[in-house]
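Working notes, beginning with the structure itself.
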Amino acid sequence: MIFDVRALAAQKVSETDESMAAWFAVLESARQSLRFIEVDYQALEHLALACQSTAQLTILTRLIYQYGKSNPHGALITDVILEYVNDSPFSLLDWICSIEYFYHWLEERSVKINFQPMLKYLTCCITSQDALESGQTLMALIQDMLQVFGYEGSSSVQGRSTS
């Protein structure tokens with residue numbers, strides 16, 4: 001499948017307040033950055049279409065790239081993301097917004113983790129007893145869980161671990 005940057009950018013411009021140039025640049029950057037990473041471009045297009053901003057797509061591209069470099073023979077992370085979404089009661093947009101929030105939360109604390117542990121943390125939040133009983137939005141759930149419990153998993157990016 002061809003990742004049609006121009007058509008995707010035109011579609012995103014009609015859905016957001018961001019310019020054609022901004023969307024084109026972010027989509028082209030994603031295409032170029034991920035060309036040496038094994039990625040399902042149909043799934044990537046699905047993710048791009050769900051993003052509400054170029055910032056969200058930039059974060060996803062960065063996380064997908066890091067995952068691909070760390071796991072060259074691992075599962076296609078784009079497919080993994082969609083599986084997590086399909087197995088949850090939340091929408092793809094809910095997940096993208098929560099990934100963006102969690103990414104910035106970690107960044108503010110100078111914590112770097114790979115994408116898969118980030119997705120697993122979000123999944124654990126969704127399956128927690130509080131989540132099952134509360135009926136909260138995914139974003140509110142993630143905010144509450146990070147505020148109460150933080151993130152205590154070991155941090156690792158590209159094979160380097162810290163506590």
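One-based numbering along the sequence shown. Below, all heavy atoms of this structure are taken into account, side chains as well, without hydrogens, waters or symmetry copies.
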Contact check, side chains of F115 and V80, non-hydrogen atoms, under 4.5 Å: no
Is any side-chain heavy atom of H104 closer than 4.5 Å to a side-chain heavy atom of I59? yes
Joint cluster assignment, [X] & [Y], ILVMFWY side-chain distance < 4.5 Å:
X   : Y   : result
L47 : L93 : no
L34 : F36 : no
I64 : L49 : yes

Aromatic ring pairing Y84/W95, orientation class (parallel under 30°, perpendicular over 60°, tilted between): parallel
Quick one: pull up [atom1] in [X] and [atom2] in [Y] and give me the separation to the nearest 0.5 Å.
X    : Y    : atom1 : atom2 : answer
I96  : Q56  : CD1   : CD    : 6.0 Å
L76  : N71  : CG    : CG    : 11.5 Å
L122 : L138 : CG    : CG    : 6.5 Å
K12  : M20  : NZ    : CE    : 13.0 Å
Q66  : S33  : CD    : OG    : 11.0 Å
Q52  : E15  : CD    : CD    : 10.0 Å

Would the number of heavy atoms belonging to other residues, nucleotides or ligands and lying under 6.0 Å from [atom1] of [X] be above 12?
X    : atom1 : value
N86  : CG    : yes
R109 : CZ    : yes
Q32  : CD    : yes

If only atom types and distance count, is the side chain of S70 paired as donor or acceptor with the main-chain N or O of Y67 below 3.5 Å? no
Residues pairing under salt bridge (charged side-chain N to carboxylate O under 4.0 Å, His left out) where one sits in residues 80-106, two or more places apart or in two chains, turn out to be none
My understanding is that only one of Y101, F90, F102 makes a side-chain contact (heavy atoms from CB on, under 4.5 Å) with M139; could you say which? Y101
